[in-house]
Each structure stands twice: as C-alpha cells, then as structure tokens.
Student: 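One structure, as structure tokens, below. Some questions next.
Every chain is numbered from 1, with letters handed out A, B, ... down the list of sequences. Keep in mind the model is a prediction, meaning the values are calculated, not measured.
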Amino acid sequence: MSHAVSDLLHGLNQQQQEAVLATSGPVLVVAGPGSGKTRVLTHRIAHLIQNENVIPEEILAVTFTNKAAGEIKKRVEGLIGPGAANGMWMGTFHSIGVRFLRQNPGLVADRLGILPNFVIYDDADQVAIAKQAIVANNLDVKNVAPRRMLARISAAKSQLLSPTDFVETIENYGDEIVSRVYREYQALLGKANAVDFDDLLVLPIRLFDSSPQILERYQQRFRHILVDEYQDTNRVQYVLVSALAEYHRNLFVVGDPDQSIYAWRQADIRNILEFQEDFPDARLIKLETNYRSTRRIVETADRLIRENTQRIERTLITENDEGEMVSLRELSDERHEARFIVDEIRRLQQSTGVRADQIAVMYRTTAQSRVIEESFRMSGIPYRIIGGLRFYERKEVKDVIAFLRIIHNPADELSLNRVIDNMPIGRGIGPKAIDAVRAWAEQHNLGLVEGFVAAAGALDAPALAGAARSSAQRLGFAIAQLRELEKELTLSELFDALVEKTGYQSAFHHENEEEMERWANVLELRNDLEDFDALGPGEALAAYLDQVQLVSDADTMKDDAPEVTLITLHSAKGLEYPIVFIAGVEEGLLPVSRAIEEEPTNPNAIEEERRLFYVGITRAEKLLYLTHASGRARYGKWDMAIPSRFLANLPVETVRTVGRQSVSGPVSLVGRARSQFATSNSRSSDAPIRTTTIVPDWVAERNAPGATEQPPVSLEAGLKVFHPKFGEGEILSVTERRGDQEYEIAFKLHGTKRLLASLAKLDIIE
DNA sequence: CCGTCGAGGCCCGAC
DNA sequence: GCCTCGACGG
C-alpha cells in the first residue's frame, strides 16, 4: 500500500477503512450514532482526490446541513491541503437543486417557464400563497386550514405528482379540495415567478426529463456521488440521486434506519432498507462501534431502540468507559424543570469547569424552548436557541428582504404586499389604491409593481387621487430608483440606499429597548449583506436571496461562542455534546400527542418518536439527563403529565431515578421512595436485565386518593427558595395564618413579597 | 385608511 | 399564553 493511502487510513478501524477504499460501484454504509461516519466521508473524499485521480468537480456530496458541508470540506482540506477540495459540489439537496436550476437559466425558462430571477418562498410565504389559493377557490380559510393544505401539497410534490397527476388520485371530496387548491397554489407561484422548497427538488427532475442531454452531462460529470443521512431521503431525492448515479454507478450512501426521523416530510425509510435491491451489486458495510458516548449511554440507547420493529438488526457496542449513570428526574412543572436544568448546569460548571458550549438542552417541541429560555435568561448563563424564531423570520428583517425581493423580481407581489402593509413607505396605500393600480397594470399587460413604478413617472398613470396618489408615487419612485442603484452599488450600499429612501431607517426612533433591538437586527442584516459585496452589482442580490432561503437552523450555529445550545431533537441530529439534557420526556411530548392519536392506525408514528428519543440520547458523550414534569401548561392551561412510556424500557443498571424535589403542590413521596429503592435494588441485584417498571406505578399512585394531598413541607427563615415567577429569593420570616403559613420572601429581582405556603410553588435551593 | 380590540386557533418536526 | 385575523370606531 502506498504511503499516501496508509496515511489516510491511519486511525480508522477495519470497517471504516473498507468504506473509504470501496470506491467502485454502489456502497451502503449503515452507520450507528457516533461510529465515525464523518471521518469515513472526509477520508473517502480525500482518498478519491489524492489517490484515485478524481478531481473535485467530479464529486457530488449531499449533506444534511450546509454547515456540515462546510465542515467536511474543511476537514478534507486538513487532510490533503488547503483549496484541494475547491470545485466539489457539496450541500443539502435543496441547495444542490438550486444550483442545477441556476446553472441552466435558459432551459429553465424555456422548458419550465421559470425566469432566472425566480425567488424561493419560505414557510410564511407558502402559507400566504396557500391562503390566496383557498380564497380563490371560494373556500373558507377557517374550514380549509392552509397548513393542512400545504402538507398535502408537499406530500404530492414529494411523490412527483403535478396538479394534473394529483387529479388521478382523488378519492373523496377532501382530496378534491386539495386538488383545486394545489392547482391554484402552483399557478400563483408561477405568476410570482417563485418556487417553494419542494420545487427545488422537483424542478431539477423535470428539467432533466425535458432535456436528457443536460442530465447526461451531469451524469458523466459526477464520477462519485456521496449521500449522508440516507435514511431521511424521500422519493424525489431518491429519483434525483439514482438518475445522477446511473452512468458511473459510484453511489456511496451512509445512513442509519434507527435515526430516521423525517417520515412526516415524506422521508421513505425504504430507500435505505431496499438499497440492496435497487443496486444488487451494492456492498454493505456496517459501522457498529460507538466512539462518542460512555458505555452506560450506549447501553441505554441500545435497549431503547430494540423495542422498535422497523429496523435492521444490529448491536451498538463501545469500548469506552462505563461513565456516569444516566440521570432521570421528575420535576413538578415546566418551570421547575427549566430551573433544575439551569441549576444543574451551574453546579457542573462550578464543580468541573465545563464550558457552556459543551452542553445542550434538547426538547421535542419548539414551544418548550420558551420556558427554558426564560430560565437561562434569569440565570445569566449564556445560551443560544437553534430554531424557533429565526433571524430571517423577524418582522423587521423580513420587511427589508421583501423590498430586496421586489427589486430583484418585480413579479413577487407577495413581497410587495408585505412592504405596503409593514413599511412606512406603504402608508396611505390601501386595498382601493391597490385595485386601481392593478386595473391599470392589467390594461397595460404589466405587473402590479410596474403599475406603481408607472404611477411615479408615466404620463399615462393609474387613476389615483389625493393621498393615495402621492403614496403610490412615493413607493413607485423608490422601487424605480433602487432598481437602478442595484446595478451599480454593492449590496451593503444598496441596503443603505434602501433604508434611507424607503424611510425605514427613520421609522425607528430608538426610544425603547425593543426598538433599538429591532434596529440592531436590521443592521445585523447589513452585516450579512457585506459578505456578498465581493460579488458584482446585479449578481450579488440573486446570490444573497438564494442563500437567505436555504440556511437551515443548524447552519446558524456558531462554534466559537461558549453558549449552551437549546435545540429541538430534530435539529440535534448529527451533533454531539459532552453533556445533554432532554426535557419533557412525557406522554404527549415524547411521544408527541399526534403520534399517540395515530397509534391505532399507524404504529410507525410511535416508533419514529422512539427513534427521535434515540437520536437525542446518542448525542451525549459523557453525561445525560432526562427530565419530565408531573404537570405542565399547554395552550396556557395546566394539565397533569404522565412520564413517557419510553422510560419504562430503560435499563435500571444505567439509569438513576431521582424523585421530585418540590416542597409544595402534589408531592409524590411514594414515587421518591420507590425510585431510591429502584436504585439501591439495581446495585444489589445481579439479575441480568431489569427495566424500570416504576413509571406506570407513579401514575397510579399520583391518581390514587390522598396521594395528591400531601401537607406542605414547612420552611423556615433564612432558606433560599425558588419561585417559578419571581425567581430566587430568601425567606425573611414565617407567620401562621389561618392554618396556613405566610412567607415573607426577598426576591433578588422582584423585591420583597408575602406569599401563602399553600399557594406558592416554592423549591428549596439551599 | 389606520389602530385597537376580542375571538379563535394553536403547537410536532424542517429545507 | 400568544399570535393572527376580522370587525369596528376614529
């Protein structure tokens, strides 16, 4: 073996080496969590370039996030030298889809009827368009939920069904409605010269269908195709990849059926399960050794996932240390849960010096992040939320982007509406004025945007009078001016002109903190634009607008700032942290209520939830905490919560259960005693396999008469306590009051308050 | 034409 | 509990 080859194989195990070297023909790598999948990918790419005379342009690598693509590229260059990977096609399916479309503007216009300046509509844009489509069909948005329609439309597109194809599948009146809305939705996108996310995958396929020469060109170009997270690909992605790989047949896919968590967006687990049928000459390589987590974490995960039926049998093993017990903890409600997490992080930081960026808090639903965030904000521990309200979804940021989109694509009337509704320059333009401009525009066979531009300059202008007229002129003039400036200014200069000429800048008075923060966000956007100043005028805007729509939540993560990461289980896929908290391990959250509802007809839904839990658990390297609450507010209403069924299957040998520590409200003393029993029992027992069966017991006990009416534990002066609303405080005095006790508590942030023992939900801190 | 107010839906997850 | 939408008065 040559020097170069053995260098690249150094430190890889047998199976990993096999995966790196199997460079001819189709290969399926089934890679367990933490099994060195990324190393395999990077070393394989490095090997191809360095030892197999493959030039970077001949490699197509599909990753799950754009950030992962960047990392892989960096690591490849670390192996074979800076710049050595330049020219490689790497990114998510969606960004690669855009690339196909952008690279063939003429054909895309000719065959697909989409002009080169098309924009990509995001989730909110899609909802708006779906609503329009519903209204246009004389249906009521109240009865026909736009999001439900979008889900159906997305599902149709994911199976490559056009509106016309869809008609063939109609089985009932509901389908009939979807069909009509789908048709109108697609027509509206076309009119706006816009595409949605699914189109980014569907349109390249239609392009290749209509022009086999183009497909052939790419087929010959990509000698090697690599796809990460193959278990989460859908039908469209499968078709795209198979088509591209047809010529060279060097298709290398990596995935793990146990981590398939995107069935809801049409990911088809069959793609991976049937890979060997699709490619009978495919080589199967299994990576089963986990290098990431302690043995206890690995065993916990393995035991959990064995409950699933839809999987390829395999064992996850590790040579790592046994590590600490997984900590399972019950808290009284979501605030106490959040507080526990923050307190524990502080304790860990003090005792072990762990950095904030080595810690992640994960949850099933974004709604859970609010309370947790609040707790972090109060604690002063730096944190970062992935997902939730993304930067680009903030109102003030969307406003500016909407205006940029009009400049770039005058057909984008959705953005025009947004500008008119939200920016000061739109003041004075109401439905009546818009109707008048539209009437004029239609007469002249022009779009609405051009109507406004004409109102500002043309002699033959839309019929407007008074205030509406001057407002329309103001808007039209700004659009016309900025459109010209876009051709000569850099993006950041264009931004400056935009906020000035639209009066957007002066709309911020910087009087209160909120306004200042919003303006800071607008300026942050300017920062963003500066990155594109190197591109020439006229070109930068298109590139920027694409990028804005394609960044994912996980892409926005910074590595440098030492912050605790707050993240959904879905977004956490592919990441790893020394310390992981998973919050809300409860029925209704994990598994999420929808999956429970579907259970009778679709047991796969629960299995996917279990996989999601599995993904979360396997993110942890050293310490893993699982928390759940006895009660939780949902939709603003408080409700009892039941511990997740998944907990019942976790091995007692690896999980330590700690009962609730609240001192008021329904305290489950029995549960606490029992969990201590369970722990000590596991130590003395030498029974081979034992699972925690205490979960259903807790529920039974909590619902048993008397169990919920524990007398409040009395507190005394001097104790430090925590209140869900007022935070930390110290008890100054305790007084008897009608059979109850009243505490006088000095809160750090909210001053001194008098609270009744029976009502206040207090935790003792010290 | 604009801002305010109350009703109702909402939240499963993401490119 | 928070956001969005439509109705209403200024």
Student: Round to a whole Å and report the spacing from CD1 of A/Ile153 to P of B/dA14.
Tutor: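 Between P of B/dA14 and CD1 of A/Ile153: 20 Å.
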Student: Determine, for A/Phe403 and A/Arg418, whether the Lys NZ or Arg CZ falls below 6.0 Å from the six-membered ring centre while staying within 45 degrees of the axis.
Tutor: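 No - A/Arg418 does not lie over the ring of A/Phe403 by the 6.0 Å and 45° rule.
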Student: side-chain contact (heavy atoms from CB on, under 4.5 Å) for A/Ile120 and A/Asp546? Distances and angles first, verdict last.
Tutor: CA-CA 7 Å; A/Ile120 304 159; A/Asp546 276 354; 3.5 Å; yes
Student: Would you find more than 12 non-hydrogen atoms of other residues, nucleotides or ligands less than 6.0 Å from A/Arg206 atom CZ?
Tutor: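 Yes, because the 6.0 Å sphere around CZ of A/Arg206 holds more than 12 heavy atoms from other groups.
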Student: Pick the P atom in B/dG13 and in C/dT4, then give their distance to the nearest Å.
Tutor: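 It works out to 16 Å between them.
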Student: Rounded to whole Å, please give me the gap between CD in A/Gln266 and P in B/dC15.
Tutor: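 Whole-Å distance recorded here is 16 Å.
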Student: Nearest whole Å is fine: how far is B/dA14 C1' from A/Phe197 CZ?
Tutor: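 Answer to the nearest Å: 8 Å.
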Student: Taking NZ, NE, NH1 and NH2 as the nitrogens, is one of them in A/Lys157 or A/Asp196 under 4.0 Å from a carboxylate oxygen of the other?
Tutor: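 Salt bridge: yes.
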Student: Which whole-number value in Å describes the distance from A/Tyr363 OH to B/dA14 P?
Tutor: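 Computing the A/Tyr363:OH to B/dA14:P distance gives 9 Å.
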Student: To the nearest Å, give me how far apart CD1 (A/Ile434) and P (B/dC2) are.
Tutor: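 Value for this atom pair: 10 Å.
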Student: In whole Å, I'd like the distance from the OH atom of A/Tyr121 to the P atom of B/dA14.
Tutor: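 Result: 23 Å.
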Student: Do other residues, nucleotides or ligands put more than 12 heavy atoms under 6.0 Å from the CZ atom of A/Phe477?
Tutor: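 No.
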Student: If I take atom CG in residue A/Asp421 and atom P in nucleotide C/dT4, what distance separates them, rounded to the nearest angstrom?
Tutor: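 Those two atoms, CG and P, are 13 Å apart.
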Student: Walk me through it: do A/Tyr262 and A/Phe64 pass the test ring-ring contact (aromatic ring centres under 6.0 Å, His included)?
Tutor: CA-CA 12 Å; A/Tyr262 283 101; A/Phe64 199 68; 5.5 Å; yes
Student: Could you tell me how the ring of A/Phe100 sits relative to the ring of A/Phe208: parallel (under 30°), tilted (30 to 60°) or perpendicular (over 60°)?
Tutor: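 Taking A/Phe208 first and then A/Phe100, their aromatic rings stand perpendicular (interplane angle over 60°).
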Student: To the nearest Å, give me how far apart CZ (A/Phe93) and C1' (B/dA14) are.
Tutor: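 So the two atoms are 15 Å apart, to the nearest Å.
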Student: Please report, to 0.1 Å, the donor-acceptor pairs under 3.5 Å made by any side chain of residues 424-434 of chain A, with sequence neighbours excluded.
Tutor:
none

Student: Determine the stems involving DNA chain B; a stem requires 3 or more consecutive pairs of the Watson-Crick or G-U wobble kind, each with both distances below 3.5 Å, and the answer is none if no such run exists.
Tutor: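 Listed by first number, the stems are B:1-10 with C:1-10.
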Student: Go nucleotide by nucleotide along DNA chain B from the 5' end; which of A/Thr65 and A/Lys432 gets its closest nucleotide reached first?
Tutor: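 Residue closer to the 5' terminus by nearest nucleotide: A/Lys432.
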Student: Report, one pair per line, the protein and nucleotides 3-13 of chain B atoms (nitrogen or oxygen only) whose separation is under 3.5 Å.
Tutor:
unit_1: B/dC12; atom_1: OP1; unit_2: A/Arg594; atom_2: NH2; d: 2.8
unit_1: B/dC12; atom_1: O2; unit_2: A/Arg364; atom_2: NH1; d: 3.3
unit_1: B/dC12; atom_1: O2; unit_2: A/Arg364; atom_2: NH2; d: 2.1
unit_1: B/dG13; atom_1: OP1; unit_2: A/Thr366; atom_2: N; d: 2.3
unit_1: B/dG13; atom_1: OP1; unit_2: A/Thr366; atom_2: OG1; d: 2.7
unit_1: B/dG13; atom_1: O4'; unit_2: A/Arg364; atom_2: NH1; d: 3.3
unit_1: B/dG13; atom_1: O4'; unit_2: A/His570; atom_2: ND1; d: 3.4
unit_1: B/dG13; atom_1: N2; unit_2: A/Trp264; atom_2: NE1; d: 3.2
unit_1: B/dG13; atom_1: N3; unit_2: A/Trp264; atom_2: NE1; d: 2.9

Student: A/Leu201 near the nucleic acid: base, sugar-phosphate alone, or nothing, with a heavy-atom cut-off under 4.0 Å?
Tutor: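 Result for A/Leu201 = nothing.
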Student: Considering residues, nucleotides and ligands other than A/Arg102, do more than 12 of their heavy atoms fall under 6.0 Å from its CZ?
Tutor: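 Yes, enclosed.
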